[in-house]
Novice: 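Supplied in structure tokens, the structure appears directly below.
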Number of protein chains: 2
Amino acid sequence: MNTRIKELRKENKLSQEELALAVGTTRQTISSIETGKYVASLPLAYKIARYFGLTIEEVFDLSEYIE
Amino acid sequence: MNTRIKELRKENKLSQEELALAVGTTRQTISSIETGKYVASLPLAYKIARYFGLTIEEVFDLSEYIE
DNA sequence: AAAAAATAGCAAGCATACTTTACATTTTTT
DNA sequence: AAAAAATGTAAAGTATGCTTGCTATTTTTT
């Protein structure tokens, strides 16, 4: 699954660590989500989206889950 | 966490079974999400939201995850 | 070029999101 | 009121989303 997290981080000049702290998770979790190792949980997806002032669908490309 | 799934099902005259089949999961999973036993995964949340033609945030009340 | 910062990757462990099976309970239909 | 349909719940098992700790690699800064 693709996400715009890395792109949004760069635009806002944030490290993974800084974003992780801001949304209450770990840097490794942000890394894992960015690299596609696993899919963010709904609560975390929401917190990340809200942090950037966007909707979940604007941050996470979920099209692969729909035919 | 609250969701509008039950409400939307009633409006559309759907049983849990019918919704479950439509989004590719089990009736028990829909029941568990409706009763708050656990939180839907992001992919499933998206499929449910799309099924009703809504956004994830319109179906799932995620406000408790934000201060 | 060297050092510092950032990121990727691994592993182990824990919690949670399911699936399957089955039964209990409630609601709806007859 | 009885039967059927729908829903709630429990349990066990599996897969996944984390957290923690660490090292390797890459990128950025000096």
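Just the heavy atoms: all of them, side chains too, but no hydrogens, waters or symmetry mates, feed the values below. Reminder, nothing fancy here: chain letters follow the sequence lines and each chain counts from 1.
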Novice: The side chain of Arg27(B) lies closest to which of these nucleotides: dA6(C), dG17(D), dT9(D)?
Specialist: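 For the Arg27(B) side chain, the nearest candidate turns out to be dT9(D).
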Novice: So, OP1 or OP2 of dA6(C): does either fall under 4.0 Å of a side-chain N or O from Arg9(A)?
Specialist: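 Answer is no, no contact under 4.0 Å.
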Novice: Is there a donor-acceptor contact under 3.5 Å from the side chain of Ser31(B) to the main chain of Arg27(B)?
Specialist: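 No: the side chain of Ser31(B) does not pair with the backbone of Arg27(B).
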Novice: Within the 4.5 Å heavy-atom criterion, are Phe52(B) and Glu58(B) side-chain neighbours or not?
Specialist: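 Contact flag for Phe52(B)/Glu58(B) side chains = no.
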Novice: Pick base, sugar-phosphate or nothing for Ser32(A), based on heavy-atom distances below 4.0 Å to the nucleic acid.
Specialist: nothing
Novice: To the nearest Å, give me how far apart CG (Leu44(B)) and P (dG17(D)) are.
Specialist: 13 Å
Novice: Out of dT19(D), dA8(C), dT20(C), which nucleotide sits closest to the side chain of Gln28(B)?
Specialist: dT20(C)
Novice: Given dC10(C), dG17(D), dT19(C), identify the nucleotide with an atom nearest to the side chain of Ser41(A).
Specialist: dG17(D)
Novice: Let's test this: given Watson-Crick or G-U wobble pairing with both distances under 3.5 Å, identify the partner of dT28(C).
Specialist: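 Base-paired to dA3(D).
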Novice: Which residue, Pro43(B) or Thr35(B), contacts DNA chain D at a nucleotide closer to its 5' end, judged by nearest heavy atom?
Specialist: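 Its nucleotide being nearer the 5' end, the pick is Thr35(B).
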Novice: For a quick check of understanding: with a heavy-atom distance under 4.0 Å over all strands, which category does Ser15(A) fall into, base, sugar-phosphate or nothing?
Specialist: sugar-phosphate
Novice: Of the candidate nucleotides dC18(C), dC18(D), dA8(C), which contains the atom at the shortest distance from the side chain of Ala40(A)?
Specialist: dC18(D)
Novice: Do Leu19(B) and Ile5(B) have side chains that get closer than 4.5 Å, going by heavy atoms?
Specialist: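 Yes, side chains in contact.
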Novice: Just how far, in rounded Å, is C1' of dT21(C) from CD of Glu17(B)?
Specialist: 14 Å
Novice: Is the phosphate of dT19(C) approached by Thr25(B) (side-chain N or O, under 4.0 Å from OP1 or OP2)?
Specialist: yes
Novice: Could you check how far CD of Gln16(A) sits from C1' of dT25(D), rounded to whole Å?
Specialist: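 In whole Å, dT25(D) C1' lies 13 Å from Gln16(A) CD.
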Novice: Side-chain contact test, heavy atoms from C-beta onward, threshold under 4.5 Å: evaluate it for Val39(B) versus Tyr65(B) and give yes or no.
Specialist: yes
Novice: State which of dT9(D), dA17(C), dC18(D) makes the closest approach to the side chain of Tyr38(B).
Specialist: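 Nucleotide nearest to Tyr38(B)'s side chain: dA17(C).
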Novice: How many whole angstroms separate atom NZ of Lys37(B) from atom P of dT19(C)?
Specialist: 13 Å
Novice: Measure CD/Glu18(B) against P/dA6(D) and give the value in whole Å, please.
Specialist: 7 Å
Novice: Atom NZ of Lys6(A) to atom P of dT27(D): distance rounded to whole Å?
Specialist: 8 Å
Novice: Pick base, sugar-phosphate or nothing for Thr29(B), based on heavy-atom distances below 4.0 Å to the nucleic acid.
Specialist: base
Novice: I need the CG-C1' distance between Leu42(B) and dG17(D), as an integer number of Å.
Specialist: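 For the pair Leu42(B) CG and dG17(D) C1', the rounded distance is 12 Å.
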Novice: Counting N and O atoms only, with roles assigned by atom type, does the side chain of Glu57(B) sit under 3.5 Å from a partner on the main chain of Ile56(A), one being a donor and the other an acceptor?
Specialist: yes
Novice: Would you kindly give the CD1-to-P distance between Ile5(B) and dG8(D), to the nearest whole Å?
Specialist: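 For the pair Ile5(B) CD1 and dG8(D) P, the rounded distance is 12 Å.
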